[in-house]
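If you're wondering where the values come from, they're calculated on a predicted model, not measured in any experiment.
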Amino acid sequence: MKQILFTILLLSSLVSFGQDLSFNYDESKVPEYTLPDLLTLNSGQIVTTARQWMKYRRPEILEFYTKEVFGDVPARPEGLHFKQVGEDEQVFGGLGIRRRVRICLDKEEQHSFDVLIHFPKKHKKSCPVLVNLNFTDNNDMTFEDAPFDYKHYPYEMILREGFAIATATRNSIEPDVKPVDSKGDGVRAWYEKIYPGKYIWSAISAWAWGLSRMADYIETDKDLDASKMVLVGHSRLGKTALWTGANDKRFAVVVSNSSGCGGAAITRRQFGETYRIMRVNFPHWIVPNNYKYDDADFPIDQNGLASLTAPRPLYIASSTNDLWCDPKGEWLCAKTVQPVYDLFGKKGLESTDVLKGGQRDDQGTVGYKMRIGDHDLLPEDWKVYIEFAKRNLNIK
Ligand code: GCU
């Protein structure tokens, strides 16, 4: 036994040898910093109008995140097509319809991933739709009798609110595993075979790509309203939600729940997880170009990533116990994205300091809330996001 313990200790010290995985949870140790100005172009000129933002500054920030953080997000492949692979007209006591759709990448159907859709049986025209990636398996999410992920997906409530929900499993698009290169069996490997060396992209870009293909499908389904797609992502998929919303303006609302480092948390605060730590534990989430940066001196901070959603409604959320995600840094991101929303005459946060547990500040186009509790995406969170989407998209 002792020998086994010794071997484990030896191995883990070898693995972490030379890698600084230390982190800070002490607010008084947050370094002094100045956030890079979102409205200053690389040339030094200042953006003063929404048009200039869209034409000049937004592309600069998008390019930075493409080249230096998450990598390319390829366009829709030519042979992409959809197949309905199942339909159940009576789910949740007759409240909803369940549809299963296969997104096939190529004519030969060598590569595909499945989307699980629930929508209310009674709906007027097409339904607004929550678009999401899940952490487990679509099949875990179809049964009414309490499957693993069920507590996270309050289907009855969503359907009663008149919303549809489309979800796919992240691992079915791109496995969430090292290595950083494209040698896995996900969509990156598929592209690599067809276009060798053309794309450099992370798993987060691959998931963003998958969400855009789900949007491609939604555009073809007459039961779903593609002009009201509400993207909801949690944690690593909350980072992905911001990146997807940046690349694909078809998503009308972006919700980033507890996204932390690489998501909404301000990098310069170096509170909780940092890019330095993420590169060691999850190197496949970012491209190698990123390795040259220090957390203290990224040329653009994470409010830059969030600003790419503007002028569309954006919701950022934290929870009190989730220090790893740096709740204060996430609030700051929502707050400091405002100069960009101001260009469009859109209101954001009213609060002047990070919220206390149980508080919300979400009556504007940018919303933020702090749930009491742990790192999670719970039914009560979905309820708030639906309410926010309804108000912002004028859904009755
Ligand atoms: C880890 C990781 C986070 C990530 C989270 C998750 O905690 O460090 O960056 O957000 O996993 O996705 O659950």
Any side-chain heavy-atom pair of Val187 and Phe113 under 4.5 Å: no

4.5 Å side-chain heavy-atom contact, Phe92 and Ile158: no

Whether Thr240 side chain and Trp207 backbone form a donor-acceptor pair below 3.5 Å: no

hydrophobic_cluster_shared for Leu378 and Ile372, side chain cutoff 4.5 Å: no

Arg57 side chain vs Leu38 backbone, donor-acceptor pair below 3.5 Å: yes

Under 3.5 Å: donor-acceptor pair, side chain of Ser202, backbone of Val287: no

Residue pair Asp225 / Lys125, side-chain heavy-atom distance below 4.5 Å: no

Listed partners of His81 passing ring-ring contact (aromatic ring centres under 6.0 Å, His included), at least two apart: none

Main-chain N/O of Ala246 paired with Arg58 side-chain donor or acceptor, under 3.5 Å: yes

Arg213 side chain vs Leu80 backbone, donor-acceptor pair below 3.5 Å: no

Check: Asn289 side chain, Lys67 main-chain N or O, donor-acceptor pair, under 3.5 Å: yes

More than 12 heavy atoms of other groups within 6.0 Å of Glu27 CD: yes

Asn247 side chain to Trp243 backbone, donor-acceptor under 3.5 Å: yes

Distance-minimising heavy-atom pair for Tyr153 and Ile165: CD2-CD1, 3.7 Å

Which residues share a salt bridge (charged side-chain N to carboxylate O under 4.0 Å, His left out) with Asp381, sequence neighbours left out: Lys369, Arg371

Side chain to side chain donor-acceptor pair (under 3.5 Å) involving Lys347 - partner list, sequence neighbours excluded: none

Arg276 side-chain N/O to Asp295 backbone N/O, donor-acceptor pair under 3.5 Å: no

Heavy atoms of other groups near Lys383 NZ, more than 12 under 6.0 Å: no

Met214 with Val85, same ILVMFWY side-chain cluster at under 4.5 Å: no

Expected output: side-chain Asp301 to main-chain Arg268 donor-acceptor under 3.5 Å: yes

